[in-house]
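Naming convention: chains lettered A, B, ... in sequence-line order (proteins, then strands); numbering from 1 in each chain. All of these numbers come straight from a predicted model, not from anything done at the bench.
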2 protein chains.
Amino acid sequence: MQKKIIPDIVIGRLPKYLQTLQQIKEKNIYTISSSDLGEEIGISAAQLRKDLSYFGEFGKQGTGYNINILINQLKIILKADRVWNVIIVGAGDLGSALARYQDFSKYGYNIVSIFDTSEEKIGKSIGNYTIENAKNMANKVKLFDVKIAMITVPVSEAQNVVDLLINAGVSAFLNYAPIFLHVPEYVKVESIDPISQLQHMTYYL
Amino acid sequence: MQKKIIPDIVIGRLPKYLQTLQQIKEKNIYTISSSDLGEEIGISAAQLRKDLSYFGEFGKQGTGYNINILINQLKIILKADRVWNVIIVGAGDLGSALARYQDFSKYGYNIVSIFDTSEEKIGKSIGNYTIENAKNMANKVKLFDVKIAMITVPVSEAQNVVDLLINAGVSAFLNYAPIFLHVPEYVKVESIDPISQLQHMTYYL
DNA sequence: TAGATTGTTAATCGATTAACAATC
DNA sequence: TAGATTGTTAATCGATTAACAATC
């Protein structure tokens, strides 16, 4: 029996739902309708209900959605109900800022190591971490069953690093290098490129 | 006569085209076909040609696109052919990393100031900047005709900061706070939220 | 019960792709 | 010239929305 395929665009919206629900929960609100939640997220009520309906029936007619239940369900769906080991590759300004960023562990993304190739940087400490030699990446990945890597190396290195890590078993990349990464179909890449986002906006200015 | 409206999803792809073309140019290649460029970007040749055709006829049958010409055209379209003044609000780890990031000015985004409210931080220097008192934001925005702000303040402050800056004349926000910002229709917001991107990927793991 | 709101269907809207005449 | 590749049209595919019976 084939598993019903859920559009990736729907999956991409779920984290926003989860995030917003968690913020609403802080205000001691227990229940919310699709139209109120939609407004908070900037999405139509119909789309919200449709998106959620791919995964089950989480609401109640007349009252809406129980916030705690929906939060828990979304966490399960997104596999955000567990801890993932993550590495950072590249200990420049950005990699260092990421290593110090507290929210990753708060949301279950446990940073195990930060790597660099520079002799000058290896051994130095950043926050709670000591910069490790990039030569040990593959070992560490296998040892800690790391499936997720954040890439903050220069464009010229990015594809090589990614190829190496895929071989070692990594299958999800948060990519900060402004380059399109070529990866096998089963590997996921999400890119962060502020320059592109700025250019997207300046078009309209 | 009404201006033909170009889908926002098309605008969002143009920066990637520009970026990739600039990287190809470095290899001293002068001409590229839509299928070769498409492959490099991870997009179909048809879509690439369709996207570009919204703005003009930039290619030549038989040979493809002249890379220099296309780069220049894309820069004009995206208004990336000029210098924009930008401010950073929030001088935490992330704001500081952004202030040190060299590529913004390289691509025409001139950071004029970084602001914070913390007495401890005001007056301290980060890279080439001295952290300024957030109370002076509106003045600075007007003085330097700032249209773009990068927001790295806590979630609890983000909406207030944005409201204040919109009043001062800012109309484009690169938002690093994990919250949906409510803004008037003419204001653009692009958000960067690594946690959401990680959750998007862990769904598939 | 009456009002509110869900989950879902069908209609609409929009984006992507295949195909090809035009032409470099 | 012959081969390659564009720009564009029409067909297809997919996503969003409107509407409403079901029901809390």
Side-chain angles (χ1 to χ4, degrees), chain A residues 2-17 20-21 24 29-74 77 180 185 200 203, chain B residues 2-17 20-21 24 29-74 77 180 185 200 203:
Chain A
Q2 214 204 337
K3 199 189 151 195
K4 185 178 53 176
I5 290 154
I6 294 158
D8 182 65
I9 199 162
V10 172
I11 309 300
R13 283 192 291 259
L14 300 185
K16 261 196 295 181
Y17 301 169
T20 303
L21 285 163
I24 291 168
I29 298 170
Y30 301 100
T31 267
I32 195 165
S33 69
S34 59
S35 61
D36 285 357
L37 181 54
E39 200 168 317
E40 210 52 52
I41 294 168
I43 227 172
S44 78
Q47 183 166 73
L48 189 43
R49 293 202 302 276
K50 183 113 215 284
D51 283 358
L52 294 176
S53 76
Y54 282 104
F55 304 96
E57 309 193 352
F58 306 124
K60 256 205 189 89
Q61 288 99 327
T63 38
Y65 299 87
N66 176 297
I67 289 176
N68 272 319
I69 290 175
L70 196 48
I71 286 174
N72 286 327
Q73 290 297 321
L74 285 170
I77 293 164
F180 178 81
E185 212 248 315
H200 186 168
Y203 172 84
Chain B
Q2 214 201 336
K3 200 188 151 197
K4 184 175 53 173
I5 289 155
I6 294 158
D8 181 64
I9 198 162
V10 172
I11 309 301
R13 283 192 290 259
L14 300 183
K16 263 198 294 183
Y17 302 168
T20 303
L21 285 163
I24 290 168
I29 298 171
Y30 300 100
T31 266
I32 194 164
S33 68
S34 59
S35 59
D36 285 356
L37 181 54
E39 201 167 316
E40 211 51 54
I41 295 168
I43 226 171
S44 78
Q47 184 167 72
L48 190 43
R49 293 202 301 277
K50 183 117 218 280
D51 283 358
L52 294 176
S53 76
Y54 282 105
F55 304 96
E57 308 192 354
F58 305 123
K60 256 205 189 88
Q61 287 99 326
T63 38
Y65 297 87
N66 176 297
I67 288 175
N68 271 321
I69 290 175
L70 195 47
I71 286 174
N72 286 328
Q73 290 297 322
L74 286 170
I77 293 164
F180 177 82
E185 214 249 314
H200 186 168
Y203 172 84

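- Closest approach of F180(A) and G42(B) over heavy atoms only: CZ-CA, 3.6 Å.
- Here the P atom of nucleotide dA15(C) and the CG atom of D8(B) are 9 Å apart, to the nearest Å.
- Across the protein-nucleic acid pair, D51(A) atom CG and dT16(D) atom C1' stand 10 Å apart, rounded to whole Å.
- Phosphate proximity of dT16(C) to R13(B): present, with a side-chain N or O under 4.0 Å from OP1 or OP2.
- Here the closest non-hydrogen pair linking S34(A) and R49(A) is OG-NH1, 2.9 Å.
- The nearest whole Å value for the distance from the CD atom in E57(A) to the P atom in dT9(C) is 11 Å.
- As the counterpart of dT12(C), dA15(D) is assigned, both hydrogen-bonding distances of the Watson-Crick or G-U wobble pattern falling under 3.5 Å.
- What separates CD of Q47(A) from C1' of dT6(C) is a distance of 17 Å, to the nearest Å.
- Two residues are said to be in side-chain contact when any heavy atoms from C-beta on lie closer than 4.5 Å; L37(A) and I24(A) meet this criterion.
- Between the P atom of dT8(D) and the CG atom of L48(B) lies a distance of 14 Å, rounded to the nearest Å.
- Taking each heavy atom of Y203(A) and I77(B) in turn, the nearest pair found is CD1-O, 3.2 Å.
- Across all strands shown, dC24(D) forms a Watson-Crick or G-U wobble pair with dG3(C), both key distances being under 3.5 Å.
- Applying the 4.0 Å criterion to OP1 and OP2 of dG7(C), one finds that Y65(A) has a side-chain N or O inside that range.
- Closest to the side chain of Q61(A), from the set dT17(C), dA22(D), dT16(D), is dA22(D).
- Between dT5(C) and T63(A), no contact under 4.0 Å exists linking OP1 or OP2 to a side-chain N or O.
- Closest to the A46(A) side chain, of the nucleotides dG7(C), dC24(C), dA18(D), is dA18(D).
- In this structure, R49(A) does not reach the dG7(C) phosphate: none of its side-chain N or O atoms is under 4.0 Å from OP1 or OP2.
- One atom, CD1 of I6(B), and another, C1' of dA15(C), lie 15 Å apart when rounded to the nearest Å.
- Distance NZ (K50(B)) to C1' (dT17(C)): 10 Å, rounded to an integer number of Å.
- Contacts of S35(B) with the nucleic acid, taken as non-hydrogen atoms under 4.0 Å apart, are absent.
- Distances shorter than 4.0 Å separate none of the side-chain N or O atoms of Y54(B) from OP1 or OP2 on dA15(C).
- Picking from dT17(D), dT16(D), dT8(C) the nucleotide with the shortest atom distance to the side chain of I9(A) gives dT16(D).
- Of the candidate nucleotides dA15(D), dT17(C), dT6(C), dT6(C) has the atom lying nearest to any side-chain atom of S33(A).
- Put simply, S34(A) has no side-chain N or O that comes within less than 4.0 Å of OP1 or OP2 on dT5(C).
- Other residues, nucleotides and ligands contribute at most 12 non-hydrogen atoms within 6.0 Å of the CD atom of E39(B).
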